Amino acid sequence: MDGMKNTPLLEKHQGLQALLAPFGGWLMPIQYAGILAEHRWCREKAALFDICHMGELLFQGDIEGDGLEHVFTFSVKKIPVGRSRYGFLLNERGGILDDLIVFRLAEDRAMVVVNAATTENDFAVIRSRLRPGADFTDITPALGKLDLQGPLARAVLVETFGEDLASIPFFKFVKRELLGVEAIVSRTGYTGELGYEIFIPVEKVGELWDLFVRDERVAPAGLGARDLLRLELGYSLYGSDIDEETTPISAGLGGFVDLGKEFVGKEALVAEEREGSKRVKVAFRVDSRRAPRHDYGIYHEGAEVGRVTSGAFSPMLGCGIGLGYVTPHCAPIGTPLTIRHEKVELQGVVVELPFYREGSLRG
Amino acid sequence: MTKYYTKEHEWVEVVGEVATVGISVHAAHELGDITFIELPATGKTVSQSEVLAGIESVKAASDVYAPLSGTVIEVNPDLESAPEIVNQSAEGEGWLCKLEPADLSELSALMDEAKYQEYLKGLS
């Protein structure tokens, strides 16, 4: 397809007869055996995801002096070396340009992992907020990324590469030689299961994929399963649940914002905290197997109060679940909602996140 | 007994006064994992090509059209709790409903199996 970027693993996916579709400017695998089977595999065993499309940006230099400290909603210099942190890149209005994770590789090095579709813009925005001449590069093309997620992920990783990888704590990472090259093995993910994100030079990512796929406990999973897994945890998807028109406060993600430091967009968030959000994100479940879907209307006592931003049938809950924005008076847990689109009408209720609580995440 | 197919991938098989309706194996495969099926109420009358049922998969929601005009006399009771039966056996146990057909001459507007297979080749 014209202008579409290809993952370095494209031929492997074609060999597995994956259904491929454009995502964030990349041609990516949506499913292999089937979305539900892959979802179940991740909850019970270990699923392998090709995440080579996500962007990686590398900063080297003086975090404070070169300006990186004031780019994100959290303090980079306070992240201990070997740890990572989730947060946001905002515009002046407090709108979310991207959600991302910063890995503190060394005192003077940080890797920013961003969404595929936003990589180019993120790079330009961050660059513009750094001291001119600061050492900041887009290393996406050089780096492959595989995610191994599921309750058996640790056993697979350790048996493949060694016992020393057994003890990485949640949200910590190690730099470690894999297949003769330096890789980053990070205990992070988005499925609610025990899992790892592995960054490895692109020329070795195919070999790493083959090594994992050969293990009978591992099955490849596509972006379809990934979307169901993340939604069962209630994690926001950039471009659907959060975007430039939403703020971390309205999205219920204020916990990833440090108002004690300076960053672009802070004033808008301070004002929003003071005045209250005009609309807020809620999670809801419905009394049907039918899925509430993106852009369905949300109603309360007959009046339209918002829109669905993400929705799906949850295999683990056996009903439709969703995220959406509503006027604040409909946000309290237990508020009854009606989800409506053309002939579809679903009865729902606002619930607490995560939807699914039984995962092996912290195991 | 012959199955007839629509361009929208429904099938119908008529035995005596009963027309059994479903979606084709091809359609079930294209939809992917089916998670919900909205079946018509028994007693409902439909015209050929009118919306008869709704099917949702993990990926999308789509309509099922009536291959023949008629009255719904039975729906598949297993599909409410186990819609995945349609993925497993779209043209067998995964039938959707049975109609009392109003006019069997409408079958002439449909494709037989050989023509439907040709039609599918043209789509790929």
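Chain identifiers are assigned alphabetically (A, B, ...) following the order of the sequence lines, protein sequences preceding nucleic acid strands; residue numbering begins at 1 within each chain. Since we're looking at a predicted model, the values are computed, not measured. Hydrogens, waters and symmetry mates are skipped; everything else that's a heavy atom, side chains included, is used.
- For CD of E50(B), the number of neighbouring non-hydrogen atoms (other residues, nucleotides, ligands) closer than 6.0 Å is greater than 12.
- Using a 4.5 Å cut-off between heavy atoms, E38(B) contacts chain A through its side chain alone, with no backbone atom that close.
- Contact of A312(A) with chain B is not made at all, since no heavy-atom distance falls under 4.5 Å.
- Your options are V344(A), I35(A), L228(A), and the one with the most heavy-atom pairs under 4.5 Å with chain B is I35(A).
- For S314(A) and E232(A), the side-chain atoms include at least one donor-acceptor pair closer than 3.5 Å.
- For the pair R226(A) and D50(A), the salt-bridge criterion is not met [side-chain N within less than 4.0 Å of a carboxylate O].
- Within a 6.0 Å sphere centred on CD of E304(A), other residues, nucleotides and ligands contribute more than 12 heavy atoms.
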